[in-house]
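Scroll down for the structure; my scribbles are underneath it.
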Protein chains: 2
Amino acid sequence: MLEDKTKIFKALSDPNRLRIIKALQTKVLCVCEIRELLQLANSTVSQHLSILKEEGFIIEEKSGKWVNYSINPRPSDPRISAILSTIDFWIGDDSVIVSDKKKIFSLDRMMICC
Amino acid sequence: MLEDKTKIFKALSDPNRLRIIKALQTKVLCVCEIRELLQLANSTVSQHLSILKEEGFIIEEKSGKWVNYSINPRPSDPRISAILSTIDFWIGDDSVIVSDKKKIFSLDRMMICC
DNA sequence: AAAGTATTTCGTCTTTTACCGAAATGTTCT
DNA sequence: AGAACATTTCGGTAAAAGACGAAATACTTT
């Protein structure tokens, strides 16, 4: 189905999801760290993550009470690999991405998650 | 703005727009030929075309009472060039695309357009 | 100038998407 | 087992997207 082929583009059509991909290329993060970065509700972040996971961009790994999200190191779909390795070409050096990158290093899940 | 960077993906997020791009890679077409191919209302096709034109995927050339649409031969945005030259990688050989390709050659704007 | 045809614009409707807060789930720690 | 915390799922809302038909526009031809 052609409709299915559009899913990869739909996943990339949201600025917050692009920020998540770029953030995870910098560092493995849990949901609440991403929530802190994007300033969205927890449930909204979770929803974005499930879309990115469904498409194969990212993977999750449970670790205690946290769920760590990271870039999928071996996507089965070559289109996903292609996007992940050329993401900067597609989104350029956006100012939001740059400031996100700085902020990521100051995130401390012990402090953030109540 | 990061939001602007997503526009290219939004444009590619609709199956009908992907069909239009592939169709125009086969042949220059006018609005009513595309309407016939996609079986959509004229106004809907026009809307899709304006989105693709806005993003730089296609160009229009008025020719008498017709408006011919074709693939932009020299996109200013390298991302558009990249997509256009690798479109098959992204959407594969979908059955709809294949049948579209056959149908395109039988389209006759003189017959179609009342 | 008027009629005819191709296309675009406009108003409206329906579906989808992004978001939130609350409730439910799963895990850890006491 | 129960409290505490991270995350997901659920229900609902507002905005965006895709569709249509009718009206407006643009160009040709008579």
Side-chain angles (χ1 to χ4, degrees), chain A residues 1-4 6-21 24 28-55 58-70 107-114, chain B residues 1-4 6-21 24 28-55 58-70 107-114:
Chain A
M1 284 273 288
L2 191 52
E3 190 100 31
D4 297 327
T6 65
K7 282 186 181 174
I8 186 172
F9 297 122
K10 274 196 211 293
L12 297 167
S13 292
D14 182 272
N16 286 319
R17 285 196 290 271
L18 293 181
R19 288 174 73 184
I20 291 173
I21 290 175
L24 294 181
V28 173
L29 297 168
C30 68
V31 177
C32 58
E33 288 173 313
I34 297 171
R35 162 176 60 72
E36 197 63 20
L37 185 67
L38 304 184
Q39 296 289 302
L40 292 174
N42 237 314
S43 52
T44 304
V45 171
S46 187
Q47 178 61 14
H48 282 312
L49 289 168
S50 89
I51 290 170
L52 291 174
K53 183 168 65 122
E54 180 70 24
E55 288 310 301
I58 64 178
I59 57 173
E60 71 173 36
E61 187 204 3
K62 290 195 210 304
S63 166
K65 60 183 172 182
W66 284 286
V67 180
N68 288 320
Y69 283 91
S70 52
L107 293 174
D108 180 353
R109 74 175 60 176
M110 295 307 177
M111 298 298 286
I112 293 168
C113 305
C114 311
Chain B
M1 283 274 287
L2 192 50
E3 190 102 31
D4 297 328
T6 66
K7 282 186 181 174
I8 185 172
F9 297 123
K10 274 197 210 292
L12 296 167
S13 292
D14 182 90
N16 287 319
R17 286 197 288 270
L18 293 180
R19 289 173 74 186
I20 292 173
I21 290 175
L24 294 181
V28 173
L29 297 167
C30 68
V31 177
C32 56
E33 288 173 312
I34 297 171
R35 162 176 61 72
E36 196 64 18
L37 185 67
L38 304 185
Q39 296 288 304
L40 293 173
N42 236 316
S43 53
T44 305
V45 172
S46 187
Q47 178 59 15
H48 283 311
L49 289 168
S50 89
I51 290 169
L52 291 174
K53 183 169 62 123
E54 180 69 25
E55 287 311 301
I58 65 178
I59 57 172
E60 71 173 37
E61 186 206 2
K62 291 195 208 306
S63 165
K65 58 183 172 181
W66 282 288
V67 180
N68 289 319
Y69 282 91
S70 51
L107 292 175
D108 180 352
R109 74 175 59 177
M110 294 307 177
M111 299 297 285
I112 292 167
C113 304
C114 312

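As the structure is a computational prediction, the values presented were derived from the model and not from experiment. Naming convention: chains lettered A, B, ... in sequence-line order (proteins, then strands); numbering from 1 in each chain.
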My understanding is that only residues two or more places apart in sequence, or in another chain, count here; which of them pass salt bridge (charged side-chain N to carboxylate O under 4.0 Å, His left out) with A:E3?
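Residues passing salt bridge (charged side-chain N to carboxylate O under 4.0 Å, His left out) with A:E3: none at all.
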
For nucleotides 23-29 of chain D, give me every protein contact, N/O to N/O, under 3.5 Å, one pair per line with atom names.
unit_1 : atom_1 : unit_2 : atom_2 : d
D:dC27 : O3'    : B:G64  : O      : 3.4

Every protein N/O within reach of nucleotides 15-18 of chain D N/O, cut-off under 3.5 Å:
unit_1 : atom_1 : unit_2 : atom_2 : d
D:dG18 : OP1    : B:R17  : NH2    : 3.0
D:dG18 : OP2    : B:R17  : NH1    : 3.3

Write out a two-atom table: protein N or O, nucleotide N or O from nucleotides 11-15 of chain C, distance below 3.5 Å.
none

Under 4.0 Å: is that the gap between some side-chain N or O of B:Y69 and OP1 or OP2 of C:dA6?
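Checking C:dA6 against B:Y69, no side-chain N or O comes under 4.0 Å of OP1 or OP2.
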
Who passes side-chain contact (heavy atoms from CB on, under 4.5 Å) against A:K65, sequence neighbours left out?
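Scan of A:K65 (side-chain contact (heavy atoms from CB on, under 4.5 Å), adjacent residues dropped) gives none.
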
With sequence neighbours excluded, residues passing side-chain contact (heavy atoms from CB on, under 4.5 Å) with B:E54:
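Partners of B:E54 by the side-chain contact (heavy atoms from CB on, under 4.5 Å) criterion come out as none, since no residue qualifies.
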
Value in whole Å for how far the [atom2] atom of [N] lies from [atom1] of [X]:
{"X": "A:R19", "N": "C:dA18", "atom1": "CZ", "atom2": "P", "result": "15 Å"}
{"X": "B:R35", "N": "C:dT7", "atom1": "CZ", "atom2": "P", "result": "8 Å"}
{"X": "A:L49", "N": "D:dT8", "atom1": "CG", "atom2": "P", "result": "7 Å"}
{"X": "A:L38", "N": "D:dT7", "atom1": "CG", "atom2": "P", "result": "14 Å"}
{"X": "A:Q39", "N": "C:dC19", "atom1": "CD", "atom2": "C1'", "result": "14 Å"}
{"X": "B:W66", "N": "C:dT8", "atom1": "CH2", "atom2": "P", "result": "14 Å"}
{"X": "B:Q47", "N": "D:dG21", "atom1": "CD", "atom2": "P", "result": "16 Å"}
{"X": "A:K7", "N": "C:dT17", "atom1": "NZ", "atom2": "P", "result": "10 Å"}

Mind checking A:E33 for me? I need base, sugar-phosphate or nothing, with any heavy atom below 4.0 Å counting as a touch.
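If one applies the 4.0 Å heavy-atom cut-off, A:E33 turns out to touch nothing in the nucleic acid.
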
Of B:S50 and A:N42, the one whose closest DNA chain C nucleotide lies more 5'
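The answer here is B:S50.
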
Would you indicate which nucleotide in [options] comes nearest to any side-chain atom of [X]?
{"X": "B:A41", "options": "D:dT8, D:dG21, C:dT8", "value": "D:dG21"}
{"X": "B:L40", "options": "D:dC20, D:dT7, C:dT7", "value": "D:dC20"}
{"X": "B:S43", "options": "C:dA6, D:dC20, D:dA6", "value": "D:dC20"}

Of all heavy-atom pairs between [X] and [Y], which one has the smallest distance, and what is that distance?
{"X": "B:L49", "Y": "B:V31", "result": "CD1-CG2, 3.8 Å"}
{"X": "A:L2", "Y": "B:P15", "result": "CD2-O, 3.6 Å"}
{"X": "B:V28", "Y": "B:S70", "result": "CG2-CB, 3.8 Å"}

How would you list, by chain and number, every residue that makes a side-chain hydrogen bond (donor to acceptor under 3.5 Å, both in side chains) with A:N68, sequence neighbours excluded?
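For A:N68 the side-chain hydrogen bond (donor to acceptor under 3.5 Å, both in side chains) partners, ignoring immediate neighbours, are A:R109.
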
Any side-chain hydrogen bond (donor to acceptor under 3.5 Å, both in side chains) pairs touching residues 38-51 of chain A, not counting sequence neighbours?
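Qualifying pairs: A:R17-A:H48.
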
Which residues satisfy the disulfide bond (SG atoms under 2.5 Å apart) test with B:C30, sequence neighbours excluded?
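Counting only residues at least two positions away or on another chain, B:C30 forms no disulfide bond (SG atoms under 2.5 Å apart).
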
Any heavy-atom pair between the side chains of B:L12 and B:L18 that's under 4.5 Å?
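Touching, per the 4.5 Å side-chain cut-off.
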
With the side chain counted from C-beta on, respond yes when B:V45 and B:L37 share a heavy-atom pair under 4.5 Å apart, and no when they do not.
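Side-chain contact under 4.5 Å: no.
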
Qualifying residue for side-chain hydrogen bond (donor to acceptor under 3.5 Å, both in side chains) with B:Y69, from B:E60, B:K53, B:E33, B:E61:
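When side-chain hydrogen bond (donor to acceptor under 3.5 Å, both in side chains) is applied between B:Y69 and each of B:E60, B:K53, B:E33, B:E61, only B:E60 qualifies.
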
